[in-house]
Amino acid sequence: MNPPSSDSASTGHELGWTPIAEEAVRAASVLHPKANTLPRPDRRRVMTVANQKGGVGKTTSTVNLAAALAVHGLKTLVIDLDPQGNASTALDVEHRSGTPSIYEVLIGEVSLAEAAAVSEQSPNLFCVPATIDLAGAEIELVSMVSRESRLKEALSSEVLDEIGVDYVFIDCPPSLGLLTVNAMVAAQEVLIPIQCEYYALEGLGQLLSNIELVQKHLNPDLEVSTILLTMYDGRTKLADQVTQEVRNHFGDTVLKTVIPRSVKVSEAPGYGQTVLAYDPGSRGAMSYIDAAKELANRGTVNGKKEGTL
Ligand SMILES: Nc1ncnc2c1ncn2[C@@H]1O[C@H](COP(=O)(O)OP(=O)(O)O)[C@@H](O)[C@H]1O
Ligand SMILES: [Mg+2]
């Protein structure tokens with residue numbers, strides 16, 4: 001049988017291809033998408049990926065959405081704002097203590113351009129890493145001038161225009177401290193990953209009221225534009241219940257694409273890779289590609305979408 005084209009992947013099974021052939025087709029369509037399949041935003045979209053709960057998929061979603069957009073030719077910058085540096089690890093960007101990082105950017109020692117590295121995964125994918133030095137920043141920032149807007153100032157760097165960065169994703173730490181406030185002041189949009197588990201909605205009220213405070217006092221343009229359901233386990237009824245509850249509550253803000261729980265997704269960072277690079281034909285990779293497509297295609301209308309918060 002002729003090598004299948006990427007468009008025919010969904011019909012491969014009917015045509016009698018082996019699962020491996022089907023997966024190869026999917027991998028090819030992930031790694032070599034048809035050019036210009038995703039629209040370039042009218043203006044740079046700066047998205048803060050926040051949820052003060054740990055382990056809900058903030059970092060995983062940040063790096064995989066960023067990689068998916070980059071593979072489609074959109075220039076994407078990831079700011080690792082978590083001292084644990086997990087996003088830097090997943091993008092295989094140096095982040096030993098002392099490496100120019102977001103910490104030095106925030107305290108004004110180096111420029112964004114000096115700290116940004118190109119990820120091995122795509123020439124369109126950049127990362128400003130986080131080192132353990134960032135752990136002290138929450139406290140150090142307190143006494144600094146314009147402590148809430150230091151990241152915003154750093155992002156106004158002309159270098160982003162020079163490179164033509166289309167998307168910036170800010171991967172927040174699992175807290176609502178000054179680092180997360182900096183991320184919310186610097187962004188127009190908040191993306192909240194929600195894990196499809198029992199306690200998923202717990203703590204969300206606190207996150208939303210913090211966002212409201214930031215809207216009121218520091219950044220009136222901020223909107224919760226996107227909610228992404230992660231770690232969905234189709235074998236449990238609970239996952240469906242949580243999905244339904246989140247959709248009832250947040251309506252169209254929730255992406256239609258749901259990220260499944262998948263071993264490949266969790267293995268990838270151990271190899272310094274996104275799941276797109278680690279196993280491009282996997283369900284995890286495909287779902288992040290779909291989520292990125294939705295994100296890019298829905299964009300924003302007049303700065304606000306219907307049904308946003
Ligand atoms: N879709 C998924 N399937 C399986 N494991 C996942 C998935 N998404 C995230 N994980 C794993 O769950 C853990 C927490 O995810 P992470 O993105 O680091 O959360 P956060 O940044 O919110 O703390 C990590 O070990 C990660 O590899
Ligand atoms: Mg994280």
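Atoms within each ligand, like the ligands themselves, are counted from 1 in listed order.
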Please indicate, with yes or no, if any protein heavy atom is found under 4.0 Å from [atom]?
atom	answer
atom 4 (C) of ligand 1	yes
atom 7 (C) of ligand 1	yes
atom 23 (O) of ligand 1	yes

- [ ] List the steps and the verdict of side-chain hydrogen bond (donor to acceptor under 3.5 Å, both in side chains) for Thr60 and Tyr288.
- [x] CA-CA 10 Å; Thr60 306; Tyr288 271 114; 5.5 Å; no
Around [atom], find the nearest protein heavy atom and jot down its residue, atom name and distance.
atom	result
atom 19 (O) of ligand 1	Gly57 N, 3.1 Å
atom 1 (N) of ligand 1	Pro260 O, 2.8 Å
atom 14 (C) of ligand 1	Gly55 CA, 3.6 Å
atom 27 (O) of ligand 1	Ser266 CA, 3.4 Å
atom 17 (O) of ligand 1	Thr60 OG1, 2.5 Å
atom 18 (O) of ligand 1	Thr59 CB, 4.0 Å

- [ ] Compute the minimum heavy-atom distance from Ile259 to ligand 1 and say whether it is under 4.0 Å.
- [x]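 Under 4.0 Å: yes for Ile259.
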Task: Asn86, any N or O under 3.5 Å of ligand 1 N or O - done: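 Between Asn86 and ligand 1, no N or O pair is found under 3.5 Å apart.
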TODO: Before signing off on this row, confirm whether Ser262 and ligand 1 have an N or O atom pair separated by under 3.5 Å.
DONE: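 N/O-N/O distance below 3.5 Å exists for this pair.
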Any side-chain to backbone donor/acceptor pair from [X] onto [Y]? Under 3.5 Å, distance only.
X	Y	result
Gln121	Ala90	yes
Arg247	Leu255	yes
Lys53	Ile194	no
Gln52	Pro174	no
Arg150	Val105	no

TODO: May I ask you to list the atoms of ligand 1 that are less than 4.0 angstrom from any heavy atom of Gly54?
DONE: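 Near Gly54, meaning under 4.0 Å from one of its heavy atoms, ligand 1 has 23 (O).
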TODO: Number the atoms of ligand 1 from 1 as they appear, then name those within less than 4.0 Å of a heavy atom of Val56, with their elements.
DONE: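 Numbered from 1, ligand 1 contributes 19 (O), 20 (P), 22 (O).
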Task: Rounded distance (nearest 0.5 Å) linking atom CG of Asn64 with atom CD of Gln273 - done: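 CD of Gln273 is found 11.0 Å from CG of Asn64.
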Open item on the list: With heavy-atom distances below 4.5 Å as the criterion, would you say the side chains of Met231 and Ile259 are in contact?
Closed with: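 Heavy-atom side-chain distance check fails, nothing below 4.5 Å.
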Task: Under 3.5 Å side-chain donor-acceptor pair for Asp240 and Tyr232 - done: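 Yes, side-chain donor-acceptor contact under 3.5 Å.
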Open item on the list: Can you confirm whether Glu94 is buried at CD, in the sense that more than 12 heavy atoms of other residues, nucleotides or ligands lie under 6.0 Å from that atom?
Closed with: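 Check passes, neighbour count above 12.
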- [ ] Give the C-alpha distance, both sets of side-chain angles, the deciding distance and a yes or no for salt bridge (charged side-chain N to carboxylate O under 4.0 Å, His left out) between Arg40 and Asp166.
- [x] CA-CA 7 Å; Arg40 181 151 269 138; Asp166 300 301; 3.1 Å; yes
Task: Under 2.8 Å from the Mg ion (ligand 2), the protein N, O or S atoms, given as residue and atom - done: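 Correct list: Thr59 OG1.
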- [ ] Please determine which of Leu69, Val165, Val71, Leu65 meets the side-chain contact (heavy atoms from CB on, under 4.5 Å) test together with Thr76.
- [x]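 Exactly one candidate clears the test, Leu69.
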Open item on the list: Just to verify, what does Thr131 make a side-chain contact (heavy atoms from CB on, under 4.5 Å) with, not counting sequence neighbours?
Closed with: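 So Thr131 forms a side-chain contact (heavy atoms from CB on, under 4.5 Å) with His95, Thr99, Ser101, Asp133.
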